[in-house]
Amino acid sequence: MTPKGTYARIYAVVRRIPRGRVATYGGVARLAGLAGHARQVGYALSNLPTGSTVPWHRVINAQGRLSLERVASSSGTTQRIRLVAEGVTVDAGGRVSLTRFGWPAARKR
DNA sequence: CCACTGACGAGTG
DNA sequence: GCACTCGCCAGTG
């Protein structure tokens, strides 16, 4: 696989996400020094090895929605459950208030 | 090298 | 808030 560089940075940032908070793909990419590579973040997580301790469930898209719900994956439910268990309010439509749980602190553009 | 794909983002109506 | 379009780039065949 190509040099771990890209994935390693992404995983490192995801591990830094505080419990009870959620980060966006774009935010993670930016913190990892991969601004604009939001897609790669998702790609990296899809390649996430089994048994990894990376809290991938804390990573959602900029629209405040659970990504896996978009692809109708069985794991989508898991993500939602884990977030709620950490104290994150998840809407019935799988939406989260980035204004309150976003990390880093969400701000106006 | 070329074409297609994808856990995305931002803008527009 | 939702649907559509365009742009971004790495990975894979």
Side-chain angles (χ1 to χ4, degrees):
Chain A
M1 55 190 344
T2 196
K4 45 199 183 146
T6 315
Y7 293 154
R9 289 182 202 209
I10 294 171
Y11 299 148
V13 174
V14 176
R15 283 196 191 91
R16 278 197 256 151
I17 302 174
R19 185 176 168 288
R21 295 270 190 106
V22 292
T24 64
Y25 288 91
V28 173
R30 196 177 279 278
L31 290 173
L34 300 169
H37 299 71
R39 253 173 163 151
Q40 261 40 52
V41 176
Y43 209 77
L45 292 180
S46 70
N47 270 284
L48 198 60
T50 310
S52 58
T53 58
V54 179
W56 56 269
H57 57 269
R58 289 178 192 151
V59 184
I60 62 178
N61 58 27
Q63 293 165 41
R65 295 165 108 185
L66 307 190
S67 348
L68 288 177
E69 280 216 352
R70 197 165 176 252
V71 297
S73 239
S74 51
S75 301
T77 309
T78 304
Q79 179 173 26
R80 175 173 174 155
I81 293 174
R82 284 183 120 176
L83 287 174
V84 175
E86 293 186 353
V88 178
T89 304
V90 181
D91 186 84
R95 295 224 320 241
V96 180
S97 299
L98 283 174
T99 312
R100 295 202 287 192
F101 302 107
W103 181 85
R107 54 188 158 333
K108 320 185 303 183
R109 273 192 287 125

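Numbers restart at 1 for each chain; the letters A, B, ... are given by sequence-line order, proteins then strands.
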Quick one: does any side-chain atom of A/Gln79 pair with a main-chain N or O of A/His57 as donor and acceptor, under 3.5 Å? yes
With nearest nucleotide decided by heavy atoms, which residue, A/Tyr43 or A/Arg39, maps closer to the 5′ end of DNA chain C? A/Arg39
Of A/His37 and A/Asn47, the one whose nearest nucleotide on DNA chain C sits closer to the 5' end is A/His37
Side-chain heavy atoms of A/Thr89 within contact of A/Val96, under 4.5 Å: no
Do the side chains of A/Leu31 and A/Tyr7 join up, straight or via other hydrophobic residues, at under 4.5 Å, putting them in one cluster? yes
Nearest to the side chain of A/Ser46, heavy atoms from C-beta on, is which of B/dA7, B/dG9, C/dG7? B/dA7
Test A/Ile81 against every option in A/Leu83, A/Val84, A/Thr77 by the side chain to side chain contact (heavy atoms under 4.5 Å, CB included) rule and name the one that passes. A/Thr77
How many whole angstroms separate atom CZ of A/Arg9 from atom C1' of C/dA10? 14 Å
Whole Å only: how far is the OH atom of A/Tyr7 from the C1' atom of B/dA7? 12 Å
Hey, what do you get for CD1 (A/Ile10) to OH (A/Tyr43), rounding to the nearest 0.5 Å? 12.0 Å
A/Gln40 CD to B/dT5 P: how many Å, rounded? 16 Å
Looking at B/dA7, C/dC9, B/dG9, which one has an atom nearest to any side-chain atom of A/Leu68? B/dA7
Polar-atom pairs under 3.5 Å, protein N or O versus N or O of nucleotides 1-4 of chain C: list them with distances, or write none.
residue: C/dG1; atom: OP2; partner: A/Arg95; partner atom: NH2; Å: 2.2
residue: C/dC2; atom: OP2; partner: A/Arg95; partner atom: NH1; Å: 3.3

Send over the distance from A/Tyr25 OH to B/dG9 C1', rounded to a whole Å. 13 Å
Start with the C-alpha distance between A/Glu86 and A/Arg21, add both sets of side-chain angles, then the distance that settles salt bridge (charged side-chain N to carboxylate O under 4.0 Å, His left out), and finish with yes or no. CA-CA 8 Å; A/Glu86 293 186 353; A/Arg21 295 270 190 106; over 6 Å; no
Which nucleotide sits closest to the side chain of A/Leu45: B/dA7, B/dC8, C/dA10? B/dA7
May I have the distance from A/Leu66 (atom CG) to B/dC8 (atom P), rounded to whole angstrom? 12 Å
Once rounded to the nearest 0.5 Å, what's the spacing between atom OH of A/Tyr11 and atom OG1 of A/Thr6? 10.0 Å
Please determine if a side-chain N or O atom of A/Arg70 lies less than 4.0 Å away from the OP1 or OP2 oxygen of B/dC8. yes
Grab the CD-C1' distance between A/Gln63 and B/dA7 for me, whole Å please. 13 Å
